[in-house]
Amino acid sequence: MLSYSFDFSFLLTTWPAFMRGAWQTILLAGTSIAIGFFVALICAIIRSGKNKLASGLVGVYVEVIRNTPLLVQIFIVYFGLPSIGLRMSAETAAVIALVINTGAYGSEIIRAGIESIAKGQLEAAECLGLNKFQVYWHIILIPAVERVYPALSSQFVLLMLSSSITSQISAQELTAEANLIQSETFRSFEVYLIVAAIYLALSVLFRVVLWAIGEVAFVRRRKLRT
Amino acid sequence: MITFSSTHLIYLIEAARWTLLLSVLAFIGGGILGLVLALGRVSEHKPLRWLSAAYIQIIQGTPLLVVLFLSYFGLSILGLDIPPIAAAGLSLTLYTSAFLGEIWRGCILSVPKTQWEASNCIGLSRAQQYRYVILPQAARIAIPPTVGFMVQIIKNTSITSIIGFVELARAGQIVNNSTFQPFITFVFVAIIYFAMCYPLSLASRHFERKLNVGK
C-alpha cells in the first residue's frame, strides 16, 4: 500500500515560481485588505448612523455577503458581470470580490467597536468643547477601531488564506502557481505540502505585520499597554 | 440555444441536498474531533495541550483549499481509489474540528473557576466534573457561536466543487456551461446558499440574545 516515495527534487527548479506565487498572494491580499478596510470603515459608519435607509441598505449588503460563499461571489464578479457588460481581468475581479467580502465582515466588527463606546465618553468630550467632527473622530472612531483591531487582524489573515480560492478564475497567486507546478511535475502531494507550509509562513507574516501596524497607528495603546 | 429555465433551477435545488449532506458530515466529524481538541487544549497534560494547539494553528493557518488538495492527493497516495466525497468530507472535518475546537475551548474556559473548585470539593473525578458540571454549562455558552459557525461550514462546502464533487456550486458551473448565462445562474446559486445560511445566522443571533438576557 504505502509504496509511495516522496520526491522533493522538483523544488530545485520550481522554487522561484513558488516565491513568485507567494509574492503575488501578498500583493493580492495586501491590496484587498487595504481597500477592504476603508469599505468596512465607511459601511460601519453608515450602519451605525442615523440615516435609516442607508443603514438598512448596508445591512442588506452585509447579510447577503456573509451568507453566501466567497467562491460564488467570485464567480458572479468574474463570469456574471461581463454578461451585463462589465469586463475585467482575473486579478481585478479577484480584488473586487475580496474587497466586497472583507468589507462586509470588517464592517460588522468595526460596528461592534463603535457600539461599545460608552455614552459617558461622548458627554465628557462635549463638556470639553470638542466639535461634532472631533468627537466622532477622536472619541468614537479611533478608539472603536483600536478596540476591535485584534479581531480585524484575524479577519484579514483569514482573507489572505481565502484568496487561494481566486485561483479558480486563474488569478495570479500562490495556489494558481502551485496548480501549474503540479501539472508539470506530477508531484501533487509534495507541491501542496510546500504550499501549505508557505501559507502557514504567510499567515505568521501577516499577523506580525498587522500587529506592527497596530502598534504604530494606535499611539495610546502603545503608551498605556492596555 | 438553451436558456435558464425551471428545470435548471430544480437541478440546482437537488444539488443543494449534497451541500447539506456534506455540511452535516463535516459538522458531525468536526464536532467529535473538535470536542477532543477542546478538551486537549484545556488538559492538565502539557504535551496534549501543546499538540492540540499546534494542530489548530496549522489548520487555521492554511487555506481550506490546500487542505482539500492534500486530502485528495494524500488519500490517493495511500492507494485508495476514493470518491471525491471522501476527500471533501475529510478536509471539511479537519477544518471544522480546528475552528470548533478553539471556539469550544473558549466556552469551557468561560465556566467560572469556582465551579471546578466546588465540584472538586464534593469529590467528583475529573471526568465527572466535565460530565456533570463543566460541559453542561459550557454547552449553553457554546450554542450561539456553534450555530454561527455552521454557516461557515455550509459556505465552505462550495470549495469542494473544485475537486469535482457535484454540490450546489459545481451544479451552478454545470448549468452555466450549458446555458452560458453565468449571471442569472450564479445569482440563483447564491440565493439558494442564502436560503440555507440566513436562518442559521438569525438563529445564532437569537440564541445569543437569549443567553445575554440577564446582562
Side-chain angles (χ1 to χ4, degrees), chain A residues 1-6 25 62-86 154 157-158 160-168 174-175 178-179 182 186-204 206-207, chain B residues 19 57-80 99 148 151-152 154-162 167-170 172-173 176-177 179-202:
Chain A
M1 217 168 105
L2 255 179
S3 54
Y4 191 84
S5 58
F6 284 88
T25 287
V62 170
E63 290 302 335
V64 166
I65 296 300
R66 286 180 9 133
N67 288 292
T68 51
L70 176 60
L71 183 67
V72 175
Q73 291 160 12
I74 291 171
F75 282 165
I76 290 179
V77 171
Y78 187 61
F79 298 121
L81 291 188
S83 71
I84 54 170
L86 280 166
S154 312
V157 173
L158 284 180
M160 185 277 290
L161 294 175
S162 31
S163 74
S164 66
I165 301 176
T166 62
S167 62
Q168 285 315 296
L174 182 53
T175 310
N179 292 345
Q182 72 99 13
F186 301 107
R187 287 281 154 195
S188 326
F189 193 68
E190 287 93 327
V191 167
Y192 290 113
L193 268 184
I194 302 288
V195 168
I198 296 176
Y199 271 113
L200 210 52
L202 283 180
S203 64
V204 173
F206 268 66
R207 233 168 266 169
Chain B
T19 294
Q57 285 299 319
I58 289 173
I59 298 289
Q60 291 196 350
T62 39
L64 176 58
L65 180 57
V66 175
V67 178
L68 177 70
F69 282 145
L70 283 175
S71 315
Y72 187 60
F73 295 115
L75 284 174
S76 60
I77 281 180
L78 289 174
L80 305 167
F99 280 86
V151 175
Q152 301 292 330
I154 294 179
K155 288 193 300 176
N156 278 318
T157 57
S158 66
I159 295 177
T160 63
S161 64
I162 293 168
E167 36 64 73
L168 183 50
R170 182 90 193 105
Q173 286 174 304
N176 177 37
N177 287 345
T179 61
F180 298 108
Q181 289 176 302
F183 191 75
I184 185 163
T185 305
F186 289 119
V187 165
F188 269 110
V189 169
I191 290 172
I192 299 173
Y193 272 113
F194 188 82
M196 290 191 281
C197 294
Y198 192 55
L200 286 173
S201 295
L202 289 180

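A, B, ... follow the sequence lines: proteins, then strands. Residue 1 opens every chain.
The contact between Q168(A) and chain B is made entirely by side chain atoms (from C-beta outward), counting heavy-atom distances below 4.5 Å. Only the side chain of L158(A) comes within less than 4.5 Å of a heavy atom of chain B; its backbone N, CA, C and O stay farther away. Within the 4.5 angstrom heavy-atom criterion, only side-chain atoms of S167(A), from C-beta onward, approach chain B. Proximity to chain B (any heavy atom under 4.5 Å) is restricted, for S203(A), to the side chain, taken from C-beta onward. Interface residue I58(B): backbone and side-chain heavy atoms are both found under 4.5 Å from chain A. When heavy atoms are compared at a cutoff of 4.5 Å, V151(B) approaches chain A solely by way of its side chain, counted from C-beta outward. For a residue to count as touching a neighbouring chain, one of its non-hydrogen atoms must lie under 4.5 Å from one of that chain's; by this rule T185(B) does not touch chain A. There is no contact between L202(A) and chain B, counting heavy-atom distances below 4.5 Å. Of the two parts of Q152(B), only the side chain, counted from C-beta on, holds a non-hydrogen atom closer than 4.5 Å to a non-hydrogen atom of chain A.
Within the 4.5 Å cutoff, the side chain of S161(B) has heavy atoms near those of the Q173(B) side chain. In this structure, the side chains of F183(B) and L81(A) come closer than 4.5 Å at one or more pairs of heavy atoms. Side-chain contact between F69(B) and I162(B): present, with at least one pair of heavy atoms (C-beta onward) separated by less than 4.5 Å.
Under the 30°/60° scheme for interplanar angles, the aromatic rings of F75(A) and F79(A) are found to be tilted.
Most heavy-atom pairs under 4.5 Å with chain B, from the set L70(A), I84(A), L193(A), L174(A): that is L193(A). When each of L70(B), V67(B), V66(B) is scored by its heavy-atom pairs under 4.5 Å with chain A, the top score falls to L70(B).
With hydrogens and angles ignored, the 3.5 Å screen pairs no side-chain donor or acceptor of Q182(A) with any backbone N or O of Y192(A).
In this structure, the separation between CG on L71(A) and CG on L65(B) is 9.0 Å, given to the nearest 0.5 Å.
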Evaluate the side chain to side chain contact (heavy atoms under 4.5 Å, CB included) criterion for residues Q73(A) and I76(A): first the C-alpha distance (whole Å), next the side-chain angles of each, then the deciding distance (0.1 Å), finally the verdict.
CA-CA 5 Å; Q73(A) 291 160 12; I76(A) 290 179; 5.8 Å; no

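Between the side chains of T175(A) and Y199(A), a donor-acceptor pair is found at a separation under 3.5 Å.
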